[in-house]
Every structure is written in structure tokens, then in C-alpha cells.
Amino acid sequence: MEILTTNHYDRIKELFKDSKCKIRIMSPYLSKSLAENLCELVKEKRIECQFITRIYLEDLYVKANNIDAIELMVKSGIQVYALKFLHTKLYIFDDDRAVVGSANFTASGFKSNIELSLLADGKTEEQSLELISELKQYFDDTISKIQDGLVTDEMISKVRTDYKDIIIPQKKASQSTDFNYNTKMYGSVIENKKKTETEEEIKKEVLSATKEKDIINEIFSSNEPREQIKYDHVIWMKQMGRGNDRIDCNSPYNPTIVDLNGEKVMLSTYSEKKKPTTVADGDEIYLAALSQNSMEQNVPIIIGRGYLKKFSEQNRYKDEWLNEYPWLKEYPWYCIIENCEILDTIVKNGISMDIVWDELGSDTYESSFGKCETIDKVATKHYQKAHIRLSGNAKMFIDEQFNNLAKQYGVKKYSTEE
């Protein structure tokens with residue numbers, strides 16, 4: 001037996017890697033980054049996988065769960081079940097290893113929260129096999145009691161429709177204790193669980209889980225700070241579009257390309273008051289469209305990356321560009337982007353920034369790195385600045401996501417001269 005505390009991620013990563021036949025998971029919450037890793041593993045090693053989770057509209061709204069991650073798993077051939085009132089966190093690898101404890105299948109659960117779990121390893125400890133057998137029986141018994149809980153495309157479509165019609169107009173739970181909770185839940189209630197599903201019960205459950213998650217994150221982050229990755233140049237995230245005029249999420253992103261002294265160049269543009277005087281040669285830029293993700297949430301979505309040339313006071317729009325880009329009068333300053341890659345797909349297939357926030361929290365941005373700010377506060381930063389410095393940690397995470405999407409969709413490359 002082994003106690004897992006701060007080493008959750010490393011040990012569980014090893015268990016996933018060593019699995020050969022079957023993985024069983026029970027977790028109320030999950031994040032997309034870990035779901036992507038699981039799907040890749042299942043596909044690469046042709047492993048059978050069953051995943052029991054819960055689907056509440058409230059969980060989706062406060063970002064405790066992720067419907068995109070659930071859909072990804074379903075499309076990857078993983079059997080996903082929705083079970084109401086689920087709180088168990090259990091991971092069974094093949095028939096001889098298991099982890100049971102407090103950690104959800106999320107980046108924060110494995111990497112940053114204070115968690116406590118027990119690892120039973122039947123490969124090295126014969127006495128663990130009995131416990132693992134009982135855990136397998138518990139898992140299989142739970143699935144046998146689930147009726148109408150298998151997650152299908154139809155259920156996912158229903159969740160998305162309900163989310164759009166009911167949740168979006170409301171305030172987030174964390175903003176007010178008088179919040180009008182939505183009590184919509186999906187899936188099954190097992191026979192030995194009470195069937196009452198009152199609004200007060202669900203409100204109490206969701207509020208408790210949300211507060212606990214926030215408090216533990218703050219405590220752990222203050223004690224175990226993440227090591228900051230630094231580069232000798234600035235890494236910018238530049239947002240395109242406006243809050244009242246968002247870029248179409250169902251269309252490809254069209255970069256701003258103009259003729260400058262006989263050359264075709266791509267521009268990053270800035271308002272009159274936001275002259276980018278600090279941009280230097282070799283700074284990196286990640287292009288984030290102000291758009292909507294697949295959940296129809298308003299969020300920046302990274303769709304491209306490249307390198308910037310130093311800003312000059314001569315970098316102001318030319319009158320002849322206004323025929324194609326009349327909005328340049330509002331954004332007259334520019335920097336030239338070199339060696340840019342744009343994902344060859346529609347905008348909503350890019351990297352939704354809520355995935356980055358889920359992974360890194362306030363460590364997403366250079367200015368808030370190590371400050372342990374709440375997710376809500378981190379998310380509001382993109383409303384305050386159209387041009388913001390990312391941390392080196394965010395760069396590494398985004399590059400990994402971007403590279404995966406580039407393999408899937410391809411990229412369009414733009415050099416200084418087309």
C-alpha cells in the first residue's frame with residue numbers, strides 16, 4: 001500500500017502508462033486536458049475504458065466539469081456513464097492496481113489541490129489483491145445498477161441545449177450566496193440511493209463542492225507554488241474582435257494581411273490609446289479570437305501563433321488599407337507578425353482559454369503568477385487588456401495543445417512575404 005499526497009500526478013501517470021487491458025474510473029469532475037490524455041492512451045494501446053461521472057448543469061457552469069471532455073471520451077470509444085449524487089473517486093488499472101481517495105480526474109485534483117489517496121498495488125503486494133477485487137466489484141456493481149445513464153450523443157446534445165437556454169443568463173454561483181441554482185441533472189440514480197432531488201439538496205451539494213474546491217486550491221497554492229518558467233523575450237496573447245462584435249466561431253479565422261511597401265505582411269493591430277511601444281523583435285504572439293467555444297461561452301480562443309517585429313512610431317495604418325479593413329481607424333497602430341501559423345479549422349476548434357485557466361489558474365499570466373487568484377478573477381483579465389503577457393508555463397501548455405490541434409487540422413503558414 002502507498003499513500004499518495006503531493007505525488008498524485010506522477011504516480012497516477014505511471015499507472016496509466018503501464019496499463020495494458022482495461023481502465024475503470026469514477027470521478028464526479030474531470031478536465032479536458034486529462035480527458036485528452038486518456039483518449040490518446042486508449043487509442044494508442046487499444047485499452048477498454050469505462051468512466052462513471054456526473055453531469056449537472058451547475059457543475060458545468062462553475063467549470064467543475066466539462067462537457068467537451070465528456071463528448072471527446074464518448075467519441076473515442078470510452079463508455080461514459082452519468083450517475084447522479086456521485087462523489088466516489090476511484091481508479092482501477094487492469095486487475096491488479098487501484099487508487100481510491102479524494103482526487104478528481106482534473107488537473108487541479110492531480111497537480112495542485114491537497115489530496116489524499118491510497119494506492120493498492122497487487123503486482124508487488126499480494127495482500128492488496130483482495131482489496132482491489134472488492135473495488136472492482138464495487139465498480140461493476142455500480143454500473144449494473146445504472147439505468148438510462150449511458151452517455152450518448154443525444155444526451156450530450158440535450159445538455160448543450162439546456163446549458164444555452166437556462167444557465168448562460170444566470171450569475172455564477174461564486175458571485176452570490178443568493179444565486180438561483182439550476183437543479184438540472186442527467187443520468188441515473190442507483191437503487192440504493194434516495195431518489196429525492198430537491199433544489200435545496202442540490203444547491204447545498206454544489207455550493208459545498210464549489211467552496212471546498214476554491215478553499216483547498218488557495219491553501220495548497222500558497223504552500224506549494226509552481227516554479228515559473230521564464231524566457232528572454234515576452235510572450236503576448238493578443239485578442240482580436242470586440243465584446244460586442246465577436247468573431248464567428250463557426251468560420252475560419254481570417255488574419256489581417258496588407259500590402260506594405262510591396263510586401264504582403266500580417267498585422268496585429270492596437271487602439272489609439274494602446275500603442276504597443278514595449279513590443280520588441282522576437283517577442284512571441286498568440287492570437288486569441290474573442291468568440292464562443294463549443295459550449296457557446298464567450299471566451300478567447302487561441303487560433304494562431306507567431307513572432308513580432310519591434311514596434312516603430314511609423315507603424316500606423318495606411319489610408320489604402322481602409323477599403324478592406326475600415327475598422328483600422330479605431331485600431332490605427334500595428335506590429336508586423338512574422339512566421340505565423342493559423343490553425344486550418346473553424347475558430348471554436350482552437351484552444352479555449354478556459355482550458356488554460358483550468359490547468360494554470362492565476363499562473364496563466366505573468367502579472368498574476370504565484371498570486372493564487374480565483375478562476376473568476378483570472379478569467380476577467382481578458383476583459384481588461386487586449387494585449388497581455390502570458391507566463392512561460394502558459395506558453396508551454398498552449399504549445400502542447402496547439403501542436404496536437406495542428407496534427408489534427410493542419411495549419412496555414414504565413415511568412416513576412418506571401
A.B. asks: Is K230 reaching over with its side chain to a backbone N or O of Q228, donor-acceptor style, under 3.5 angstrom?
C.D. replies: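 Answer holds: no.
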
A.B. asks: In Å and rounded to the nearest 0.5 Å, what is the CE to CD1 distance from M237 to I302?
C.D. replies: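 If we round to the nearest 0.5 Å, M237:CE and I302:CD1 are 6.0 Å apart.
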
A.B. asks: Y270: what forms a ring-ring contact (aromatic ring centres under 6.0 Å, His included) with it, not counting sequence neighbours?
C.D. replies: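 Applying ring-ring contact (aromatic ring centres under 6.0 Å, His included) to Y270 gives H387.
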
A.B. asks: Within the side chain of T152, is there an N or O that forms a donor-acceptor pair under 3.5 Å with the backbone of M155?
C.D. replies: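 Side chain of T152 to backbone of M155, a donor-acceptor pair under 3.5 Å: yes, one is there.
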
A.B. asks: Using salt bridge (charged side-chain N to carboxylate O under 4.0 Å, His left out), reason through D283 and K310 one step at a time and then give a plain yes or no.
C.D. replies: CA-CA 8 Å; D283 284 357; K310 183 178 180 180; over 6 Å; no

A.B. asks: For residues F311 and W333, determine if any side-chain heavy atom of one lies less than 4.5 Å from a side-chain heavy atom of the other.
C.D. replies: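 Side-chain contact under 4.5 Å: yes.
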
A.B. asks: So do the side chains of R160 and S157 get within less than 4.5 Å of each other, counting heavy atoms only?
C.D. replies: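 A side-chain contact is absent here, since even the closest heavy-atom pair is not under 4.5 Å.
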
A.B. asks: Going by atom types alone, do S128 and D121 pair a side-chain donor with an acceptor below 3.5 Å?
C.D. replies: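 Note: S128 and D121 side chains miss the donor-acceptor criterion.
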
A.B. asks: Quick one: does S291's side chain have a donor or acceptor within less than 3.5 Å of a partner on I247's backbone?
C.D. replies: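 Yes, the answer is positive, given that a donor and an acceptor are paired below the 3.5 Å cut-off.
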
A.B. asks: Kindly give the heavy-atom pair with the smallest separation between L405 and G350, and that separation in Å.
C.D. replies: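 Of all heavy-atom pairs spanning L405 and G350, the closest is CD1-C, 3.9 Å.
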
A.B. asks: Salt-bridged, K145 to D141, with N to O below 4.0 Å?
C.D. replies: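 No, K145 and D141 are not salt-bridged.
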
A.B. asks: List the steps and the verdict of side chain to side chain contact (heavy atoms under 4.5 Å, CB included) for I301 and M353.
C.D. replies: CA-CA 6 Å; I301 299 177; M353 279 301 295; over 6 Å; no

A.B. asks: What are the two closest heavy atoms between L343 and A406, and how far apart are they?
C.D. replies: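 What the structure gives for the nearest pair is CD2-N, 3.8 Å.
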
A.B. asks: Could D399 and R305 be called an ion pair, given the rule that one side-chain N must be under 4.0 Å from one carboxylate O?
C.D. replies: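 Between R305 and D399 there is a salt bridge, with a charged N closer than 4.0 Å to a carboxylate O.
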
A.B. asks: How close do L30 and N65 get, heavy atom to heavy atom, and via which atoms?
C.D. replies: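 Here L30 and N65 meet closest at CD2-OD1, 2.9 Å.
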
A.B. asks: Indicate yes or no for a side-chain donor-acceptor contact from T364 to the backbone of L360 under 3.5 Å, with no hydrogens or angles considered.
C.D. replies: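 No, the answer is negative, given that no donor and acceptor are paired below the 3.5 Å cut-off.
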
A.B. asks: How many angstroms lie between CD1 in I235 and CG in L308, if you round to the nearest 0.5 Å?
C.D. replies: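 Reported value, rounded in 0.5 Å steps: 11.5 Å.
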
A.B. asks: Looking at K309 and D281, is any side-chain nitrogen of the basic one under 4.0 Å from a carboxylate oxygen of the acidic one?
C.D. replies: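 Looking at K309 together with D281, the answer is no, because their closest N to O distance does not fall below 4.0 Å.
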
A.B. asks: Using the side chain to side chain contact (heavy atoms under 4.5 Å, CB included) rule, take M1 and L119 through it: C-alpha gap first, then chi angles, then the decisive distance, then the call.
C.D. replies: CA-CA 6 Å; M1 302 284 184; L119 166 60; over 6 Å; no

A.B. asks: For the pair D363 (side chain) and S391 (backbone), establish whether a donor and an acceptor sit closer than 3.5 Å, ignoring hydrogens and angles.
C.D. replies: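 Flag not set: sc D363 to bb S391 has no pair under 3.5 Å.
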
A.B. asks: Any chance NZ of K22 has more than 12 other-residue heavy atoms, nucleotides or ligands included, within less than 6.0 Å?
C.D. replies: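 Check passes, neighbour count above 12.
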
A.B. asks: Keeping the roles fixed (side chain from Y325, backbone from I257), state whether a donor-acceptor pair exists under 3.5 Å.
C.D. replies: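 Flag set: sc Y325 to bb I257 pair under 3.5 Å.
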
A.B. asks: Is any NZ, NE, NH1 or NH2 atom of the basic residue among K348 and D248 found under 4.0 Å from an Asp or Glu carboxylate oxygen of the other?
C.D. replies: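 Looking at D248 together with K348, the answer is no, because their closest N to O distance does not fall below 4.0 Å.
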
A.B. asks: Could you walk me through whether Q147 and V189 satisfy the side chain to side chain contact (heavy atoms under 4.5 Å, CB included) test, starting with their C-alpha distance in whole Å, then the side-chain angles of each, then the deciding distance to 0.1 Å, before giving a yes or no?
C.D. replies: CA-CA 8 Å; Q147 299 178 355; V189 177; over 6 Å; no

A.B. asks: Taking NZ, NE, NH1 and NH2 as the nitrogens, is one of them in K158 or D153 under 4.0 Å from a carboxylate oxygen of the other?
C.D. replies: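 No, this pair does not count.
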
A.B. asks: Give a yes/no verdict on a cation-pi contact between K184 and Y186, requiring under 6.0 Å between NZ or CZ and the six-membered ring centre and an angle within 45° of the axis.
C.D. replies: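 Verdict for Y186: a cation-pi partner in K184.
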
A.B. asks: How close do V42 and C49 get, heavy atom to heavy atom, and via which atoms?
C.D. replies: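 Heavy-atom minimum between the residues: CG2-CB, 3.9 Å.
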
A.B. asks: Give, for atom CG of L38 and atom CD of E36, the distance between the pair rounded to the nearest 0.5 Å.
C.D. replies: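 Here the interatomic distance stands at 11.0 Å.
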
A.B. asks: Evaluate the side-chain proximity of V151 to Y81: yes if any heavy-atom separation is below 4.5 Å, no if none is.
C.D. replies: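 Side-chain contact under 4.5 Å: no.
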
A.B. asks: Measuring from atom CG of L287 to atom OG of S268, what distance do you get when rounded to the nearest 0.5 angstrom?
C.D. replies: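 The OG atom of S268 is 6.5 Å from CG of L287, to the nearest 0.5 Å.
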
A.B. asks: Would you say the side chain of V80 lies within less than 4.5 Å of the side chain of T53, judging by non-hydrogen atoms?
C.D. replies: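 Of all side-chain heavy-atom pairs linking V80 with T53, at least one is under 4.5 Å.
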
A.B. asks: Applying ring-ring contact (aromatic ring centres under 6.0 Å, His included), can you list everything that pairs with Y334, at least two apart in sequence or on another chain?
C.D. replies: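 So Y334 forms a ring-ring contact (aromatic ring centres under 6.0 Å, His included) with W321.
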
A.B. asks: Could you state the interatomic distance from CG (D344) to NZ (K413), rounded to the nearest 0.5 Å?
C.D. replies: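 Taking CG in D344 and NZ in K413, the distance rounds to 12.5 Å.
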
A.B. asks: I'd like to know whether Y365 forms a side chain to side chain contact (heavy atoms under 4.5 Å, CB included) with L390, so could you lay out the CA-CA distance, the side-chain angles of the two residues, the decisive distance to 0.1 Å, and finally the verdict.
C.D. replies: CA-CA 4 Å; Y365 303 109; L390 293 172; 3.8 Å; yes

A.B. asks: Quick one: which of I47, D94, I92 gives a side-chain contact (heavy atoms from CB on, under 4.5 Å) with I23?
C.D. replies: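 Result for side-chain contact (heavy atoms from CB on, under 4.5 Å) with I23: I47.
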
A.B. asks: Taking the six-membered ring for Trp, are the ring centroids of F93 and F16 within less than 6.0 Å of each other?
C.D. replies: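 Ring-ring flag for F93/F16: true, centres closer than 6.0 Å.
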
A.B. asks: Using atom types as modelled and distance alone, determine if a side-chain donor or acceptor of D354 lies under 3.5 Å from a backbone N or O of P300.
C.D. replies: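 No; zero donor-acceptor contacts below 3.5 Å.
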
A.B. asks: Look at R11 together with E2 and state whether they make a salt bridge at an N to O cut-off of under 4.0 Å.
C.D. replies: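 Salt bridge: yes.
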
A.B. asks: For I229 and Y231, work out which heavy atoms get closest and say how close.
C.D. replies: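 Closest heavy-atom pair between I229 and Y231: CG2-CE1, 3.8 Å.
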
A.B. asks: What are the two closest non-hydrogen atoms of D96 and I132, and how far apart are they?
C.D. replies: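 The pair with the smallest heavy-atom distance is O-CD1, 3.1 Å.
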
A.B. asks: Answer with yes or no whether the side chains of T88 and Y138 bring together a donor and an acceptor at under 3.5 Å.
C.D. replies: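 The criterion, which ignores hydrogens and geometry beyond distance, is satisfied for T88 and Y138.
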
A.B. asks: Side chains of M396 and E400: does their closest heavy-atom pair fall under 4.5 Å?
C.D. replies: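 Heavy-atom side-chain distance check fails, nothing below 4.5 Å.
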
A.B. asks: Would you call E341 and Y414 a side-chain contact if the rule is heavy atoms closer than 4.5 Å?
C.D. replies: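 They are not in contact (no side-chain heavy atoms under 4.5 Å apart), so the answer is no.
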
A.B. asks: Just how far is it from atom CD of Q50 to atom CD of Q79, taken to the nearest 0.5 Å?
C.D. replies: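 It is 5.0 Å, given to the nearest 0.5 Å.
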
A.B. asks: In this structure, are over 12 heavy atoms from other groups packed under 6.0 Å from D148 atom CG?
C.D. replies: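 12 or below, so no.
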
A.B. asks: So, does S188 use its side chain to make a donor-acceptor pair with the main chain of L83 at under 3.5 Å?
C.D. replies: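 It does not hold such a pair.
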
A.B. asks: A side-chain contact here means heavy atoms from C-beta on lying under 4.5 Å apart; do I25 and I52 qualify?
C.D. replies: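 Result no, sub-4.5 Å side-chain heavy-atom pair not found.
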
A.B. asks: Charged N to carboxylate O under 4.0 angstrom, K136 versus D140?
C.D. replies: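 Salt bridge: no.
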
A.B. asks: Within the 4.5 Å heavy-atom criterion, are P276 and W236 side-chain neighbours or not?
C.D. replies: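 They are not in contact (no side-chain heavy atoms under 4.5 Å apart), so the answer is no.
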
